[in-house]
> 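Can you read through this structure? Questions will come right after.
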Amino acid sequence: MARSEIRKDYFKGEYVIIAPNRAKRPHRTGNIVEADSQCHFCPQNFKNEVITYQDNNYNGDWEIVAVVNKFAALTVENPDAYGQTEVIIETRRHGLDINDFSVDHIVRIFNAYTDRFNYLRNLDGIKHVIIFKNEGGKAGASIAHTHSQVIAMPFLPPKTEKEASDYNKYRLEHATCPYCDIIKKETDKPRVIWEDENLFVLSPYASEDPYGVWLLPKRHMRTVADLNRAEKESIAIALKMVLGKLDEFGISYNYFIENAVNAEDYHMHIKIKPRPNIWAGLELGTGVVINPIAPEYAAKIYRGEVKIEADPKF
Ligand SMILES: [Zn+2]
Ligand SMILES: [Zn+2]
(Lines give C-alpha, C1' and ligand atoms only; values in the text may rest on other atoms or scores of the structure.)
(Ligands and ions follow the chains in the order given, each with its own letter.)
Protein backbone atom coordinates (compact mmCIF):
# COMPACT_ATOMS: atom_id res chain seq x y z
CA MET A 1 0.00 0.00 0.00
CA ALA A 2 1.83 3.07 -1.24
CA ARG A 3 -1.00 5.64 -1.48
CA SER A 4 -2.57 7.28 1.52
CA GLU A 5 -6.08 6.36 2.54
CA ILE A 6 -8.65 8.09 4.73
CA ARG A 7 -10.27 5.45 6.91
CA LYS A 8 -13.23 5.62 9.25
CA ASP A 9 -13.41 3.66 12.49
CA TYR A 10 -15.58 0.51 12.48
CA PHE A 11 -18.40 2.27 14.36
CA LYS A 12 -17.20 5.39 16.15
CA GLY A 13 -17.17 7.93 13.32
CA GLU A 14 -13.53 8.89 13.86
CA TYR A 15 -11.20 9.38 10.92
CA VAL A 16 -7.59 8.36 10.50
CA ILE A 17 -5.27 9.05 7.58
CA ILE A 18 -3.16 5.99 6.85
CA ALA A 19 -0.12 7.48 5.11
CA PRO A 20 2.58 4.83 4.68
CA ASN A 21 4.88 7.09 2.61
CA ARG A 22 5.50 9.21 5.68
CA ALA A 23 6.86 6.29 7.66
CA LYS A 24 10.10 6.61 9.52
CA ARG A 25 12.07 4.11 11.38
CA PRO A 26 10.98 4.37 15.01
CA HIS A 27 13.45 5.71 17.52
CA ARG A 28 14.77 3.28 20.01
CA THR A 29 13.60 4.77 23.25
CA GLY A 30 16.51 3.55 25.32
CA ASN A 31 16.36 1.66 28.57
CA ILE A 32 15.46 3.27 31.84
CA VAL A 33 18.42 2.78 34.09
CA GLU A 34 17.64 2.43 37.74
CA ALA A 35 19.56 0.50 40.32
CA ASP A 36 17.71 -2.11 42.32
CA SER A 37 18.62 -0.34 45.52
CA GLN A 38 16.59 2.71 44.47
CA CYS A 39 13.59 0.82 43.07
CA HIS A 40 10.44 1.06 45.21
CA PHE A 41 9.07 -2.14 43.69
CA CYS A 42 12.02 -4.38 44.55
CA PRO A 43 11.10 -6.54 47.60
CA GLN A 44 14.12 -5.46 49.67
CA ASN A 45 12.98 -1.82 49.45
CA PHE A 46 9.40 -2.43 50.62
CA LYS A 47 8.53 -0.15 53.55
CA ASN A 48 5.09 -0.33 55.16
CA GLU A 49 3.40 -1.13 51.86
CA VAL A 50 -0.37 -1.68 52.02
CA ILE A 51 -0.66 -5.03 50.24
CA THR A 52 -4.12 -5.74 48.79
CA TYR A 53 -3.37 -8.91 46.79
CA GLN A 54 -0.59 -11.47 46.95
CA ASP A 55 0.32 -14.51 44.84
CA ASN A 56 3.28 -16.45 46.24
CA ASN A 57 6.04 -18.42 44.54
CA TYR A 58 7.31 -21.85 45.62
CA ASN A 59 9.54 -20.30 48.30
CA GLY A 60 6.54 -18.70 49.98
CA ASP A 61 7.64 -15.20 48.95
CA TRP A 62 5.33 -12.95 46.95
CA GLU A 63 5.78 -13.22 43.21
CA ILE A 64 2.90 -10.97 42.15
CA VAL A 65 1.59 -8.34 44.52
CA ALA A 66 -0.85 -5.42 44.49
CA VAL A 67 -0.08 -2.42 46.69
CA VAL A 68 -1.86 0.87 47.31
CA ASN A 69 -0.02 3.75 45.67
CA LYS A 70 0.60 6.11 48.56
CA PHE A 71 1.67 8.94 46.27
CA ALA A 72 -1.38 8.75 44.00
CA ALA A 73 -3.52 11.74 43.07
CA LEU A 74 -6.68 9.88 44.15
CA THR A 75 -7.03 8.34 47.63
CA VAL A 76 -9.99 7.08 49.69
CA GLU A 77 -9.00 9.46 52.50
CA ASN A 78 -9.45 12.58 50.38
CA PRO A 79 -13.10 13.54 49.73
CA ASP A 80 -11.94 16.20 47.24
CA ALA A 81 -10.02 13.68 45.11
CA TYR A 82 -11.64 10.41 46.07
CA GLY A 83 -10.57 7.11 44.55
CA GLN A 84 -7.88 4.47 44.81
CA THR A 85 -4.77 3.75 42.78
CA GLU A 86 -3.12 0.37 43.11
CA VAL A 87 0.08 -0.85 41.52
CA ILE A 88 0.34 -4.47 40.49
CA ILE A 89 4.00 -5.46 40.71
CA GLU A 90 4.16 -8.31 38.22
CA THR A 91 7.32 -9.99 39.50
CA ARG A 92 9.79 -9.64 42.35
CA ARG A 93 12.63 -9.57 39.80
CA HIS A 94 13.86 -6.19 38.49
CA GLY A 95 14.38 -5.48 34.78
CA LEU A 96 12.06 -8.05 33.17
CA ASP A 97 9.24 -7.25 30.74
CA ILE A 98 5.86 -8.98 30.64
CA ASN A 99 6.85 -10.82 27.44
CA ASP A 100 9.69 -12.50 29.37
CA PHE A 101 7.17 -14.34 31.59
CA SER A 102 5.69 -17.80 31.08
CA VAL A 103 2.08 -18.15 29.93
CA ASP A 104 1.19 -19.30 33.44
CA HIS A 105 2.78 -16.21 34.99
CA ILE A 106 0.80 -13.87 32.71
CA VAL A 107 -2.40 -15.77 33.58
CA ARG A 108 -1.60 -15.08 37.24
CA ILE A 109 -1.17 -11.36 36.47
CA PHE A 110 -4.66 -11.44 34.94
CA ASN A 111 -5.94 -13.16 38.09
CA ALA A 112 -4.58 -10.17 40.01
CA TYR A 113 -6.36 -7.75 37.61
CA THR A 114 -9.62 -9.62 38.16
CA ASP A 115 -9.29 -9.59 41.95
CA ARG A 116 -8.56 -5.86 42.12
CA PHE A 117 -11.19 -5.00 39.49
CA ASN A 118 -13.90 -6.87 41.43
CA TYR A 119 -12.91 -5.28 44.72
CA LEU A 120 -12.53 -1.71 43.49
CA ARG A 121 -15.64 -1.55 41.30
CA ASN A 122 -17.73 -2.39 44.38
CA LEU A 123 -16.25 0.39 46.53
CA ASP A 124 -18.77 3.06 47.50
CA GLY A 125 -18.68 6.08 45.23
CA ILE A 126 -16.66 4.43 42.46
CA LYS A 127 -17.98 4.83 38.91
CA HIS A 128 -15.22 3.27 36.86
CA VAL A 129 -12.08 1.16 37.23
CA ILE A 130 -9.24 1.46 34.72
CA ILE A 131 -6.57 -1.23 34.27
CA PHE A 132 -3.52 -0.33 32.24
CA LYS A 133 0.17 -0.86 31.79
CA ASN A 134 2.95 1.51 30.70
CA GLU A 135 6.15 -0.03 29.44
CA GLY A 136 9.18 2.06 28.54
CA GLY A 137 10.06 5.71 29.06
CA LYS A 138 7.97 7.24 26.26
CA ALA A 139 4.81 5.49 27.47
CA GLY A 140 4.97 7.19 30.83
CA ALA A 141 6.54 4.49 32.98
CA SER A 142 8.91 5.99 35.49
CA ILE A 143 10.14 2.74 37.00
CA ALA A 144 11.91 -0.10 35.16
CA HIS A 145 10.36 -2.71 37.42
CA THR A 146 7.49 -4.07 35.36
CA HIS A 147 4.06 -3.23 36.76
CA SER A 148 0.46 -2.34 35.91
CA GLN A 149 -1.91 0.15 37.47
CA VAL A 150 -5.53 -0.15 38.52
CA ILE A 151 -7.32 3.14 39.19
CA ALA A 152 -10.78 3.41 40.73
CA MET A 153 -12.40 6.72 39.78
CA PRO A 154 -15.43 8.54 41.20
CA PHE A 155 -16.53 9.68 37.71
CA LEU A 156 -16.82 8.23 34.23
CA PRO A 157 -13.94 9.51 32.04
CA PRO A 158 -15.29 11.26 28.89
CA LYS A 159 -13.50 8.86 26.50
CA THR A 160 -15.03 5.88 28.28
CA GLU A 161 -18.46 7.49 28.19
CA LYS A 162 -18.14 8.14 24.44
CA GLU A 163 -17.01 4.56 23.79
CA ALA A 164 -20.01 3.25 25.78
CA SER A 165 -22.48 5.51 23.99
CA ASP A 166 -21.07 4.66 20.51
CA TYR A 167 -21.30 0.98 21.48
CA ASN A 168 -24.94 1.35 22.56
CA LYS A 169 -25.84 3.34 19.45
CA TYR A 170 -24.41 0.56 17.25
CA ARG A 171 -26.38 -2.07 19.18
CA LEU A 172 -29.60 -0.10 18.76
CA GLU A 173 -29.06 0.23 15.01
CA HIS A 174 -27.81 -3.28 14.24
CA ALA A 175 -29.08 -5.43 17.12
CA THR A 176 -25.58 -6.94 17.32
CA CYS A 177 -22.36 -6.17 19.16
CA PRO A 178 -19.87 -4.08 17.14
CA TYR A 179 -16.91 -6.10 18.43
CA CYS A 180 -18.54 -9.47 17.62
CA ASP A 181 -19.18 -7.98 14.15
CA ILE A 182 -15.55 -6.79 13.83
CA ILE A 183 -14.37 -10.37 14.43
CA LYS A 184 -16.71 -11.59 11.66
CA LYS A 185 -15.74 -8.78 9.28
CA GLU A 186 -12.00 -9.12 9.78
CA THR A 187 -11.72 -12.92 9.64
CA ASP A 188 -9.28 -13.88 6.85
CA LYS A 189 -8.38 -10.23 6.25
CA PRO A 190 -4.71 -9.13 6.03
CA ARG A 191 -5.00 -7.31 9.37
CA VAL A 192 -5.30 -10.53 11.40
CA ILE A 193 -2.19 -11.12 13.49
CA TRP A 194 -3.14 -14.33 15.28
CA GLU A 195 -6.18 -16.26 16.46
CA ASP A 196 -7.16 -19.43 18.24
CA GLU A 197 -10.52 -20.72 19.50
CA ASN A 198 -10.62 -18.10 22.30
CA LEU A 199 -9.04 -14.94 20.97
CA PHE A 200 -8.88 -12.78 17.83
CA VAL A 201 -5.85 -10.49 17.50
CA LEU A 202 -5.78 -7.81 14.83
CA SER A 203 -4.30 -4.54 13.72
CA PRO A 204 -7.54 -2.51 13.44
CA TYR A 205 -8.63 -1.13 10.05
CA ALA A 206 -8.51 2.54 11.08
CA SER A 207 -5.79 2.23 13.71
CA GLU A 208 -4.86 5.61 15.15
CA ASP A 209 -1.62 4.13 16.48
CA PRO A 210 1.35 2.89 14.45
CA TYR A 211 1.49 -0.87 15.18
CA GLY A 212 -1.73 -0.61 17.23
CA VAL A 213 -3.21 -4.00 18.21
CA TRP A 214 -6.57 -5.14 19.61
CA LEU A 215 -7.08 -8.42 21.46
CA LEU A 216 -10.75 -9.44 21.19
CA PRO A 217 -12.06 -12.47 23.11
CA LYS A 218 -14.25 -14.50 20.74
CA ARG A 219 -16.80 -15.04 23.48
CA HIS A 220 -18.95 -11.98 24.15
CA MET A 221 -18.23 -10.94 27.74
CA ARG A 222 -18.52 -7.74 29.72
CA THR A 223 -15.36 -7.50 31.83
CA VAL A 224 -11.93 -8.95 32.59
CA ALA A 225 -13.59 -10.78 35.51
CA ASP A 226 -15.53 -12.95 33.01
CA LEU A 227 -12.37 -14.43 31.42
CA ASN A 228 -11.87 -18.15 32.01
CA ARG A 229 -8.48 -19.86 32.38
CA ALA A 230 -8.23 -20.92 28.71
CA GLU A 231 -9.03 -17.38 27.55
CA LYS A 232 -6.38 -15.92 29.85
CA GLU A 233 -3.86 -18.40 28.41
CA SER A 234 -4.71 -17.28 24.88
CA ILE A 235 -4.25 -13.64 25.92
CA ALA A 236 -0.88 -14.55 27.47
CA ILE A 237 0.29 -16.21 24.23
CA ALA A 238 -0.81 -13.17 22.19
CA LEU A 239 0.80 -10.67 24.58
CA LYS A 240 4.10 -12.56 24.47
CA MET A 241 3.99 -12.47 20.66
CA VAL A 242 3.02 -8.80 20.21
CA LEU A 243 4.84 -7.24 23.17
CA GLY A 244 7.89 -9.38 22.42
CA LYS A 245 8.07 -7.72 18.98
CA LEU A 246 7.68 -4.22 20.45
CA ASP A 247 10.36 -5.01 23.01
CA GLU A 248 12.68 -6.28 20.26
CA PHE A 249 12.19 -3.01 18.33
CA GLY A 250 12.59 -0.88 21.46
CA ILE A 251 9.09 0.60 21.12
CA SER A 252 7.37 1.73 24.32
CA TYR A 253 3.68 0.94 24.71
CA ASN A 254 0.58 1.22 26.83
CA TYR A 255 -2.11 -1.38 27.04
CA PHE A 256 -5.60 -0.83 28.38
CA ILE A 257 -8.24 -3.33 29.37
CA GLU A 258 -11.57 -1.96 28.16
CA ASN A 259 -14.40 -3.12 30.43
CA ALA A 260 -18.15 -2.57 30.63
CA VAL A 261 -19.30 0.57 32.40
CA ASN A 262 -21.38 -0.21 35.49
CA ALA A 263 -24.24 -2.59 34.52
CA GLU A 264 -24.07 -1.81 30.77
CA ASP A 265 -23.48 -4.44 28.14
CA TYR A 266 -20.07 -4.43 26.40
CA HIS A 267 -17.48 -6.63 24.72
CA MET A 268 -14.38 -6.54 26.89
CA HIS A 269 -11.09 -6.28 25.01
CA ILE A 270 -7.48 -5.16 25.31
CA LYS A 271 -6.00 -2.30 23.28
CA ILE A 272 -2.23 -2.09 22.80
CA LYS A 273 -1.07 1.41 21.94
CA PRO A 274 2.61 1.50 20.92
CA ARG A 275 4.41 4.81 21.34
CA PRO A 276 7.04 4.91 18.59
CA ASN A 277 7.48 8.65 18.99
CA ILE A 278 6.72 9.58 15.39
CA TRP A 279 3.86 12.02 15.98
CA ALA A 280 3.78 15.31 14.12
CA GLY A 281 2.18 18.59 15.17
CA LEU A 282 -0.83 18.25 12.85
CA GLU A 283 -2.33 15.45 14.92
CA LEU A 284 -2.02 17.42 18.11
CA GLY A 285 -3.49 20.55 16.53
CA THR A 286 -6.44 19.11 14.60
CA GLY A 287 -7.29 15.85 16.30
CA VAL A 288 -7.05 14.17 12.89
CA VAL A 289 -4.60 11.38 13.33
CA ILE A 290 -2.08 10.42 10.69
CA ASN A 291 -0.79 6.90 11.05
CA PRO A 292 2.29 6.25 8.90
CA ILE A 293 2.12 2.48 9.41
CA ALA A 294 -0.60 0.69 7.43
CA PRO A 295 -2.37 -1.80 9.73
CA GLU A 296 -1.91 -4.53 7.09
CA TYR A 297 1.83 -3.89 7.19
CA ALA A 298 1.88 -3.88 11.01
CA ALA A 299 0.11 -7.27 10.97
CA LYS A 300 2.84 -8.63 8.66
CA ILE A 301 5.50 -7.40 11.07
CA TYR A 302 3.80 -9.09 14.02
CA ARG A 303 3.33 -12.31 12.05
CA GLY A 304 7.09 -12.26 11.43
CA GLU A 305 6.74 -12.01 7.63
CA VAL A 306 8.89 -8.91 7.20
CA LYS A 307 12.61 -8.66 7.81
CA ILE A 308 12.81 -5.15 9.19
CA GLU A 309 16.45 -4.58 8.21
CA ALA A 310 15.48 -5.17 4.59
CA ASP A 311 12.49 -2.86 4.53
CA PRO A 312 12.95 0.92 4.64
CA LYS A 313 9.25 1.51 5.29
CA PHE A 314 9.61 0.43 8.87
ZN1 LIG B 1 12.87 -3.13 41.09
ZN1 LIG C 1 -19.57 -8.94 21.39
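We count ligands from 1, going down the list as the structure has it; atoms in each ligand are counted the same way. Residues take their numbers from the sequence shown, with the count starting at 1.
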> Is the number of heavy atoms from other residues, nucleotides or ligands within 6.0 Å of NZ (Lys8) greater than 12?
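Check fails, neighbour count at 12 or below.
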> Got an N, O or S from His145 under 2.8 Å of the Zn ion (ligand 1)?
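It does; at least one qualifying atom falls short of 2.8 Å.
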> Among the clusters formed by ILVMFWY side chains lying less than 4.5 Å apart, do Ile106 and Phe117 turn up in the same one?
yes
> Given the ring of Tyr205, does Arg7 sit roughly above its face, with NZ or CZ under 6.0 Å from the centre of the six-membered ring and within 45° of the axis?
yes
> Measuring from the Zn ion (ligand 2), name the closest N, O or S atom belonging to His220.
ND1
> Can you tell me which N/O/S atom of His267 has the shortest distance to the Zn ion (ligand 2)?
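The closest N, O or S atom of His267 to the Zn ion (ligand 2) is ND1.
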> If you look at His94, which of its N/O/S atoms is nearest to the Zn ion (ligand 1)?
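Checking each N, O and S atom of His94, the shortest distance to the Zn ion (ligand 1) belongs to ND1.
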> In this structure, which one of Gln44, His145, Glu63 forms a side chain to side chain contact (heavy atoms under 4.5 Å, CB included) with Arg92?
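One option only clears the test, and that one is Glu63.
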